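Along the sequence shown, residues carry numbers from 1. None of the values given here were measured: they were computed from a predicted structure. What you see below is based on every heavy atom in this structure, not just the backbone, and it leaves out hydrogens, waters and symmetry mates. We count ligands from 1, going down the list as the structure has it; atoms in each ligand are counted the same way.
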Amino acid sequence: MTEHTPKKLFIKTYGCQMNVYDSDRMADALAPHGYEPVQVMEDADLVVLNTCHIREKASEKVFSELGRLRDLREERRANGQDLMIGVAGCVAQAEGDEIVRRAPAVDLVFGPQSYHRLPELIARAHNGAKVVDTDFPEEDKFEHLPAAKKEVTLARGLTAFLTVQEGCDKFCSFCVVPYTRGSEVSRPVEQVLREARNLAEAGVRELTLLGQNVNAYHGLDARGRSVGLGELCARLAEIPGIARIRYTTSHPLDMTDELLEAHRDLEALMPYLHLPIQAGSDRILKAMNRRHTRADYMRVIERIMAARPDMALSGDFIVGFPGETDADFEETMQVVKDVGYASAYTFKYSIRPGTPGASMDDQVAEAKKTERLQRLNDQINAQMHAFHRSVVGRTLPVLIEKAGRQPGQIGGRSPYLQAVHMDGPTRLIGQIIPVEIVEARNNSLIGKIVTVAEPNPASVIESQAIAAHI
Ligand code: 5AD
Ligand code: SF4
């Protein structure tokens with residue numbers, strides 16, 4: 001390496017919201033060391049690929065991007081400049097040294113547990129070392145990360161992600177998360193509340209709590225007592241300015257009574273829940289090591305609907321898990337209809353090296369997976385459109401987030417995360433107002449403002465009260 005010190009940072013984020021959050025935290029950790037984010041990769045002195053292992057061909061995409069970065073670095077070096085290249089996230093965690101072997105241009109590889117040590121790792125890479133840091137240290141990475149800075153969070157808008165839990169102990173047989181993100185760790189309650197207060201002061205109105213298995217949250221409070229997600233949500237809902245709370249992703253077995261009571265009692269907890277079942281057949285659920293049957297899942301859904309009758313559900317589905325027959329797949333189609341999902345993410349099973357699924361016999365042919373995915377997507381799209389149509393004529397509380405594309409228009413989100421467009425003044429941005437839904441388009445709703453609360457501090461309370469009546 002040369003003596004040149006990189007100062008411009010570009011982080012390319014792949015995958016889930018957890019990675020979006022992590023990328024922000026990496027930028028926060030590097031800001032005090034003089035790194036400024038830039039919008040274009042070509043402008044950067046340090047490029048970090050924050051990778052995701054969940055999607056198909058994730059590693060291949062990363063390696064082809066690394067090929068382009070190697071070329072960019074060669075151009076730089078021809079002009080007497082340099083470029084530092086880092087790989088973070090789940091591919092880094094899963095592949096470790098293999099990345100540096102296959103892509104020698106990479107200077108540092110680090111896993112999700114070492115973001116707070118980034119400045120130190122970069123310093124080591126500057127000294128010419130190839131740095132591979134993918135251990136799971138015992139120390140608490142959350143404790144070391146700088147709190148989100150106000151000016152940064154402001155730029156991020158009215159909604160923010162907040163990681164409260166990481167890792168997973170469930171070991172579904174298709175999934176790499178327990179290996180790449182390690183076992184479950186929950187952030188202490190006070191730490192979460194502190195970060196949420198910072199976000200609220202910066203103007204954030206809606207929090208989405210993140211965790212690979214977020215409803216297994218069990219953080220310690222100031223007195224050393226273990227607190228579940230329901231109580232955490234209640235504490236967060238008390239923070240002035242925080243009007244909406246969501247959380248993702250959950251495991252059916254961790255829907256505790258305490259959490260369901262929170263859904264019953266907290267207006268701020270939105271009636272839209274992402275609760276994956278993955279497949280409808282008990283045989284496949286067993287092979288997936290999901291630890292629950294279809295009937296167990298349906299019982300959880302019943303409890304949820306009893307606590308919050310207006311709850312809408314979304315989920316994740318995998319088609320073509322090893323051994324899945326046509327009959328098994330029909331059971332998945334049936335569960336989609338029975339639960340009446342308002343939306344869902346669908347995946348073709350793809351092998352993750354090192355997971356039990358990878359070595360199972362009876363891998364399903366690609367053409368079969370494609371066919372099943374198509375049928376599943378058609379069904380889910382039909383249900384999604386039906387759900388959008390079902391809210392036409394209702395008045396929903398909408399968090400106004402931005403000016404619309406046309407002058408005089410504004411846009412926001414319903415409690416069910418639907419995009420809603422309407423005529424209205426931009427001074428309403430940041431408020432939650434009642435909007436009558438007049439039309440359902442393919443991916444959004446058209447609404448009409450019912451009453452407009454004047455923009456004063458009382459409007460927060462007023463709009464929450466309105467939300468309570470809907
Ligand atoms: N193949 C296909 N989909 C997968 N997912 C996780 N691992 C795999 C895999 N090996 C899906 C699951 C999970 C979502 C985040 O990604 O549905 O809930
Ligand atoms: Fe992966 Fe979710 Fe299963 Fe954990 S619960 S192993 S994160 S699919």
Side-chain angles (χ1 to χ4, degrees), residues 14-21 51-61 89-91 93-94 112 163-186 208-218 229 247-255 273-281 284-292 296-297 300 313-324 329 332 335-336 339 341 343-360 362-366 368-370 372-373 376-377 380:
Y14 300 79
C16 65
Q17 297 101 322
M18 180 74 86
N19 273 13
V20 174
Y21 176 90
T51 61
C52 169
H53 209 286
I54 296 284
R55 307 287 147 155
E56 273 186 285
K57 302 198 177 69
S59 310
E60 275 63 38
K61 281 188 199 141
C90 294
V91 173
Q93 191 69 51
T163 296
V164 301
Q165 179 275 340
E166 264 207 70
C168 182
D169 296 337
K170 295 281 188 295
F171 289 91
C172 299
S173 59
F174 51 80
C175 184
V176 80
V177 164
Y179 309 95
T180 55
R181 294 271 174 166
S183 59
E184 269 174 26
V185 182
S186 296
T208 302
L209 311 182
L210 296 180
Q212 267 94 23
N213 193 176
V214 72
N215 59 342
Y217 176 84
H218 54 280
L229 188 63
Y247 59 88
T248 193
T249 280
S250 296
H251 191 284
L253 292 187
D254 293 313
M255 288 310 296
L273 181 66
H274 184 239
L275 190 66
I277 183 173
Q278 310 290 357
S281 138
I284 296 299
L285 287 171
K286 191 159 198 297
M288 285 178 162
N289 191 32
R290 289 289 294 176
R291 307 158 190 235
H292 61 77
D296 296 332
Y297 183 86
V300 173
L313 290 148
S314 85
D316 290 342
F317 290 92
I318 297 178
V319 299
F321 186 79
E324 187 187 68
F329 174 67
T332 295
V335 94
V336 168
V339 174
Y341 292 98
S343 150
Y345 298 96
T346 57
F347 307 89
K348 283 189 215 173
Y349 173 71
S350 79
I351 285 179
R352 301 287 181 266
T355 60
S359 52
M360 286 182 187
D362 296 337
Q363 298 286 335
V364 174
E366 193 58 27
K368 259 286 179 227
K369 290 185 201 169
T370 307
R372 288 177 187 166
L373 188 71
L376 183 61
N377 284 343
I380 285 164

**Prompt:** If you round to the nearest 0.5 Å, how far is OG1 of T346 from CG of D316?
**Reply:** 9.0 Å
**Item:** Numbered atoms of ligand 1 (with element) below 4.0 Å of Y349, judged on heavy atoms
**Value:** 1 (N), 2 (C), 10 (N)
**Prompt:** If hydrogens are left out, which of G15, S350, G320 has an atom nearest to atom 10 (N) of ligand 1, that is, the closest non-hydrogen atom?
**Reply:** S350
**Message:** On a heavy-atom basis, I'd like to know which of Q278, H274, K369 is closest to atom 17 (O) of ligand 1.
**Reply:** Q278
**Message:** Are V214 and D254 packed together at the side-chain level, in the sense that at least one heavy-atom pair is separated by less than 4.5 angstrom?
**Reply:** no
**Item:** N215 side chain to H251 backbone, donor-acceptor under 3.5 Å
**Value:** yes
**Request:** Go through ligand 2 atom by atom and flag the ones less than 4.0 Å from a non-hydrogen atom of H251.
**Result:** 5 (S)
**Message:** Which of the numbered atoms in ligand 2 are under 4.0 angstrom from any heavy atom belonging to C175?
**Reply:** 1 (Fe), 6 (S), 7 (S), 8 (S)
**Message:** Checking contacts here: is it the side chain or the backbone of P178 that comes within 4.0 Å of ligand 2, counting heavy atoms only? Could be both or neither.
**Reply:** side chain
**Atoms in ligand 2 flagged as close to V177, the criterion being non-hydrogen separation under 4.0 Å** = 7 (S)
**Message:** Tell me the contacting part of K348 for ligand 1: side chain, backbone, both, or neither, using a 4.0 Å heavy-atom threshold, strictly below.
**Reply:** backbone
**Sole residue of F347, Y341, Y345 in ring-ring contact (aromatic ring centres under 6.0 Å, His included) with F317** = Y341
**Prompt:** So do R181 and C90 actually touch side chain to side chain, heavy atoms under 4.5 Å?
**Reply:** yes
**Prompt:** Any idea which part of F347 is under 4.0 Å from ligand 1, heavy-atom wise: side chain, backbone, both or neither?
**Reply:** side chain
**Item:** Residues R290, D296: salt bridge by 4.0 Å N-O rule
**Value:** no
**Request:** May I ask you to identify the nearest protein heavy atom to atom 2 (Fe) of ligand 2, giving residue, atom name and distance to one decimal place in Å?
**Result:** Q212 O, 4.3 Å
**Asked** Under a 4.0 Å N-O cut-off, is there an ion pair linking E366 with K348?
**Response** yes
**Asked** Can an N or O of D316 be found at a distance shorter than 3.5 Å from an N or O of ligand 1?
**Response** yes
**Prompt:** Quick one: are H292 and I277 in side-chain contact, heavy atoms under 4.5 Å?
**Reply:** yes
**Prompt:** Tell me: protein heavy atom nearest atom 8 (S) of ligand 2, and distance?
**Reply:** F174 CE1, 3.6 Å
**Request:** Indicate yes or no for a side-chain donor-acceptor contact from Q212 to the backbone of E166 under 3.5 Å, with no hydrogens or angles considered.
**Result:** no
**Request:** To the nearest 0.5 Å, tell me how far C175 SG sits from I318 CD1.
**Result:** 8.0 Å
**Message:** Please state which option from G167, C172, P252, C168 has its nearest heavy atom closest to atom 4 (Fe) of ligand 2.
**Reply:** C168
**Complete:** Counting from 1 in the order shown, the ligand 2 atoms closer than 4.0 Å to a non-hydrogen atom of F171 are 6 (S)
**Asked** Should you measure from each heavy atom of I318, which atoms of ligand 1 turn up under 4.0 Å away?
**Response** 3 (N), 4 (C), 5 (N), 12 (C), 17 (O)
**Prompt:** Based purely on interatomic distance, does F174 place a nitrogen or oxygen under 3.5 Å from a nitrogen or oxygen of ligand 1?
**Reply:** yes
